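Below is one structure, written out as structure tokens; the observations come after it.
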There are 2 protein chains.
Amino acid sequence: MAQRQVAFPQVDCAECPIRHRAVCARCESDELEHLEAIKYYRNYEAGQTIVWAGDKMDFVASVVHGVAALTQTMEDGRRQMVGLLLPSDFLGRPNRDRASYDVTATTDLQLCCFRRAPFQELLSNTPHVAQRLLEMTLDELDAAREWMLLLGRKTAREKIASFLSIIARRDATINPKTRSGELAFDLPLTREAMADYLGLTLETVSRQMSSLKKDGVIVLEGKRHIVIPDFDALLSETGDDSDGGVY
Amino acid sequence: MAQRQVAFPQVDCAECPIRHRAVCARCESDELEHLEAIKYYRNYEAGQTIVWAGDKMDFVASVVHGVAALTQTMEDGRRQMVGLLLPSDFLGRPNRDRASYDVTATTDLQLCCFRRAPFQELLSNTPHVAQRLLEMTLDELDAAREWMLLLGRKTAREKIASFLSIIARRDATINPKTRSGELAFDLPLTREAMADYLGLTLETVSRQMSSLKKDGVIVLEGKRHIVIPDFDALLSETGDDSDGGVY
DNA sequence: GTTTGTCCTTGATCTGGATCAAGCGAGCCC
DNA sequence: GGGCTCGCTTGATCCAGATCAAGGACAAAC
């Protein structure tokens with residue numbers, strides 16, 4: 001219908017993955033107002049905490065740039081990461097105004113936020129948004145179940161290889177291929193955060209990284225930059241079914 | 001509107017948790033047709049497989065009686081349970097016609113099934129059903145994250161205690177209290193299935209059960225019947241935050 | 001340039017849970 | 001009844017990963 005003038009500049013929208021990948025599939029076309037009108041951005045530095053478990057959270061959000069982690073902590077300090085949010089992933093739960101987990105930025109991070117109340121209203125009034133969110137939540141549940149297999153049954157080496165292949169795959173879809181064929185990326189997590197992801201100690205993470213490097217499965221440039229000379233070789237270390245499987 | 005005669009006898013609906021707890025919150029009142037018209041029942045014996053990962057699955061379902069488990073298996077036989085479905089839990093994924101996991105009945109089981117196509121149509125046409133399903137999926141995701149903490153960071157004893165408290169809690173809501181105050185239930189899983197749930201071996205499960213029994217935290221009557229003399233004592237073994245926490 | 005702090009690596013030792021192995025008790029089939 | 005199988009328990013030993021401990025590399029702060 002009557003297209004709203006330039007109230008919502010194109011460039012702004014293009015940056016926000018909510019529009020094209022995350023919550024609102026329909027927004028790929030032309031009706032942006034219902035999301036545009038309630039959104040705003042927030043930036044965080046690497047290491048910063050976004051909310052603590054139990055804190056009031058008056059917004060939901062979509063990750064634009066960077067990486068955020070959800071972690072749980074036991075009284076005695078044992079920590080387990082339970083969610084890793086990359087660009088286009090969704091943060092927060094409709095109908096719950098308190099965070100269930102600690103949320104921290106593991107790299108510099110930009111969130112595209114939506115105030116809770118209008119977002120929930122949008123959710124009730126716009127069936128295709130609710131359906132898209134259901135689809136995303138089901139994908140996250142599948143990822144969580146893959147993660148449970150990793151935590152419960154894989155060896156330290158398999159855990160590392162699995163983690164690297166997950167990051168490599170996600171990174172490839174976020175950053176359209178940099179070089180010709182070669183698979184390379186920066187780790188968005190410290191060794192300690194990787195340990196929290198994998199249910200290991202940071203020493204074991206470091207040792208297994210060294211071992212994979214020694215065996216030529218990965219090439220380490222500095223501490224964080226990873227090159228994968230042969231992705232299939234990495235996959236064969238994960239313990240996963242060789243053929244594509246569910247994915 | 002004109003109420004359909006006795007096509008869907010009241011007693012039948014009352015048995016089906018879909019109606020009052022699971023998918024369709026609105027069905028608590030009076031409009032039942034849209035679910036009633038497409039549902040049917042299936043029964044399985046303890047140990048039976050319902051579908052294998054990768055199999056075609058032409059229905060979604062709600063658990064009426066009994067317990068079902070979702071498990072993943074690696075080529076070398078390592079197994080990890082990734083879902084445990086008790087009465088009122090939902091099985092299957094809209095918009096995906098192949099099972100992602102092995103589904104087995106761990107006790108005798110009754111499912112209330114819905115053929116896929118009409119259920120999906122229902123989902124698009126009935127916003128409150130989609131919203132209810134989103135809510136259920138988010139709860140399942142929370143449970144999966146609790147489970148990840150268990151798998152990644154808890155000791156064998158804490159894992160067993162956590163599992164028992166989870167089952168005790170769920171059982172209490174399913175079977176309105178049997179005796180006065182006393183907390184007692186039957187384990188719906190073999191030691192081996194418990195091991196698959198907890199990322200342990202069956203020997204370790206057995207040893208830790210014996211240890212909790214020796215310490216008076218639980219009373220074992222036969223192999224499967226558990227009595228909890230003091231629920232707080234059990235909780236203190238789980239490693240979880242003592243106050244209610246997220247739940 | 002030195003200091004400080006963060007992140008990471010590597011070595012030595014310890015230990016919780018896995019693995020290997022034996023046997024028990026309660027159905028169930030013949 | 002006798003023999004089987006299945007689910008479970010318990011003992012003995014082993015080992016992957018945790019823990020304890022000591023530096024190294026690098027960047028920022030002074």
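If you're wondering where the values come from, they're calculated on a predicted model, not measured in any experiment. Numbered from 1 within each chain, the chains take letters A, B, ... in sequence-line order.
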Between the side chains of B/Asp58 and B/Arg115, is the shortest nitrogen-to-carboxylate-oxygen separation below 4.0 Å, so that they form an ion pair?
no
Holding to ring pair (Phe, Tyr, Trp, His ring centres under 6.0 Å), I want the full list of residues that pass it with B/Tyr44, two or more places apart in sequence or in another chain.
none
Residues from residues 147-164 of chain B lying under 4.0 Å of DNA chain C - heavy atoms
B/Thr155, B/Ala156
For the pair made of CE in A/Met194 and P in C/dC7, what is the distance, rounded to whole Å?
15 Å
So, taking the atom named CE in B/Met209 and the one named CG in B/Leu187, what distance separates them when rounded to the nearest 0.5 Å?
5.0 Å
Once you round to the nearest 0.5 Å, how far does CD of A/Gln208 lie from OG of A/Ser211?
5.5 Å
From the list A/Leu85, A/Val64, A/Val63, side chain to side chain contact (heavy atoms under 4.5 Å, CB included) partner of A/Leu111 resolves to A/Val63
Proximity to DNA chain C (any heavy atom under 4.0 Å), residues of residues 196-211 of chain A only
A/Leu202, A/Glu203, A/Ser206, A/Arg207, A/Ser210
To the nearest angstrom, how far is B/Arg78 atom CZ from C/dT19 atom C1'?
14 Å
Between C1' on D/dT10 and CZ on B/Arg191, what's the gap in Å once rounded to a whole number?
13 Å
note: B/Leu220, atom CG; C/dG25, atom P; distance rounded to Å ~ 16 Å
Rounded to the nearest Å, what distance is computed from the CG atom of residue B/Leu189 to the C1' atom of nucleotide D/dG7?
13 Å
Is B/Arg224 near enough to D/dG7 that one of its side-chain N or O atoms lies under 4.0 angstrom from OP1 or OP2?
no
In whole Å, I'd like the distance from the CD atom of A/Glu192 to the C1' atom of C/dT9.
15 Å
Measuring from B/Thr106:OG1 to B/Tyr197:OH, what's the distance to the nearest 0.5 Å?
11.5 Å
Shortest non-hydrogen pair, B/Ser88 vs B/Met136, comes out as O-CE, 3.8 Å
Protein-nucleotide distance (B/Lys223, atom NZ; C/dA26, atom C1'), rounded to Å
9 Å
Roughly how far, to the nearest 0.5 Å, is OG1 of A/Thr238 from CE of B/Met74?
7.5 Å
When every non-hydrogen atom of B/Phe185 is compared with those of B/Leu164, the smallest separation belongs to CZ-O, 3.8 Å
